[in-house]
Amino acid sequence: MTAFRCSRLTTVLAGAALLCTAVTAQAREFSVSTVLSDAFPWGQAAEKWAELVEERSEGRITLRVYPNSQLVAGDQTREFSAMRQGLIDMAIGSTINWSPQVPELNLFSLPFFMPDNAAVDAVTGGEAGEMIFDAIESRGVVPLAWGENGFRQLSNSKGPIDEPADLDGLKIRVVGSPLFQDTFTALGANPTQMSWADAKPALTTGAVDGQENPLSVFDVARIDQVGQQHLTLWNYMNDPLIFAVNERVWSTLPEEDQELLRQAAIDAGEWEIAMTREEESERLAAIQERGVQVVELNGEQHQAFVEATQSVYEQWVPQIGEDLVDTARDAIEAR
Ligand code: X2X
């Protein structure tokens with residue numbers, strides 16, 4: 001239809017070539033990187049985004065999803081750099097994985113900073129969220145919307161953990177973000193950084209004793225089947241996802257397509273956040289049914305973990321930015 005209009009214009013108007021480019025809707029395809037596949041809510045968020053974009057652009061814009069960090073050869077902490085450089089057009093990434101390049105994102109990893117879902121929403125949906133998006137944008141990537149990997153819980157193969165002393169000497173797989181090294185060291189554990197791709201093999205062989213991930217990841221990846229029979233629900237941090245686009249790719253898009261992509265990302269993100277939260281209790285029940293021993297911390301036990309990780313704030317708040325941390329804290333208190 002557009003092509004027809006275009007060729008008619010060509011015969012009628014002088015200088016039509018220019019007009020032609022203005023009215024022709026070129027079909028375009030973009031790569032979207034994710035760490036987890038569509039077996040997980042994270043990958044489903046990407047599929048949903050692609051679906052909405054396909055539908056709303058009437059097939060003009062295709063988002064091709066590449067899961068399992070394959071565009072960065074499994075090294076999820078390189079995803080942000082690869083997107084900034086244009087090796088990846090778009091991504092739905094975890095704040096943890098992008099934090100080596102965007103230190104402000106460590107806000108979400110501060111231990112026991114986010115008490116509940118309302119706190120997460122108050123931060124992402126308010127001034128602190130805008131400050132974080134500005135920080136991303138200042139590094140050559142355009143952020144569009146939030147999603148959610150979820151509150152991260154601790155599992156291990158050795159025994160129940162309900163106080164910091166239980167972590168003493170345990171080898172814990174952590175993501176390749178330096179803050180996690182500090183948190184688990186403060187707790188007396190022996191943290192080992194590795195990518196998600198290497199995590200399950202390391203749990204299988206017993207090279208590490210434990211790991212931390214949201215319930216959806218534990219459930220879908222069947223982490224209990226690699227000997228992780230103890231799970232502590234400690235909600236020590238929430239791991240949001242961010243939909244984003246390389247800046248140069250973004251600038252080649254007409255404004256209406258930018259809006260289409262942004263709105264589809266917001267809609268896909270809201271859909272995925274709601275689904276992730278709704279599914280949490282069923283996932284926990286399924287995990288327990290498979291024989292995993294679940295520990296829930298009482299107030300006093302929780303407080304012992306809070307106190308044991310205070311040094312992380314001293315080390316990291318200056319890097320995240322006092323102003324951002326205060327703004328987020330105010331939003332949480334006012335939620
Ligand atoms: O590597 C992990 O633990 C995962 C899948 O949760 C992230 O990418 C942050």
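Atoms considered below: every heavy atom in the structure, side chains included; atoms not considered: hydrogens, waters and symmetry mates. We count ligands from 1, going down the list as the structure has it; atoms in each ligand are counted the same way.
Between R173 and D198 there is no salt bridge, since no side-chain nitrogen of the basic residue lies less than 4.0 Å from a carboxylate oxygen of the acidic one.
Contact of the N298 side chain with the D162 side chain is not registered, since no non-hydrogen atoms from C-beta on lie closer than 4.5 Å. Within the 4.5 Å cutoff, side-chain heavy atoms of D224 are placed close to those of Q229.
Each of T185, L167, V208 was checked for a side chain to side chain contact (heavy atoms under 4.5 Å, CB included) with P191, and the lone residue meeting it is T185.
Near ligand 1, residues V35, L36, W42, Q76, S94, N97, N149, R152, R173, V175, W196, N213, D239 come within 4.0 angstrom through at least one heavy atom.
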What pairs of donor and acceptor atoms, side-chain ones from residues 116-124 against any protein atom, are under 3.5 angstrom apart with sequence neighbours left out?
from: D116; atom 1: OD1; to: A118; atom 2: N; distance (Å): 3.3
from: D116; atom 1: OD1; to: A119; atom 2: N; distance (Å): 2.9
from: D116; atom 1: OD1; to: R335; atom 2: NE; distance (Å): 3.0
from: D116; atom 1: OD2; to: R335; atom 2: NE; distance (Å): 3.3
from: D116; atom 1: OD2; to: R335; atom 2: NH2; distance (Å): 2.9
from: D121; atom 1: OD1; to: R277; atom 2: NH1; distance (Å): 3.4
from: D121; atom 1: OD1; to: R277; atom 2: NH2; distance (Å): 2.9
from: D121; atom 1: OD2; to: R277; atom 2: NH1; distance (Å): 3.0
from: T124; atom 1: OG1; to: V120; atom 2: O; distance (Å): 3.0

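Taking the six-membered ring wherever Trp is involved, the centroid distance between the rings of F30 and W250 does not fall below 6.0 Å.
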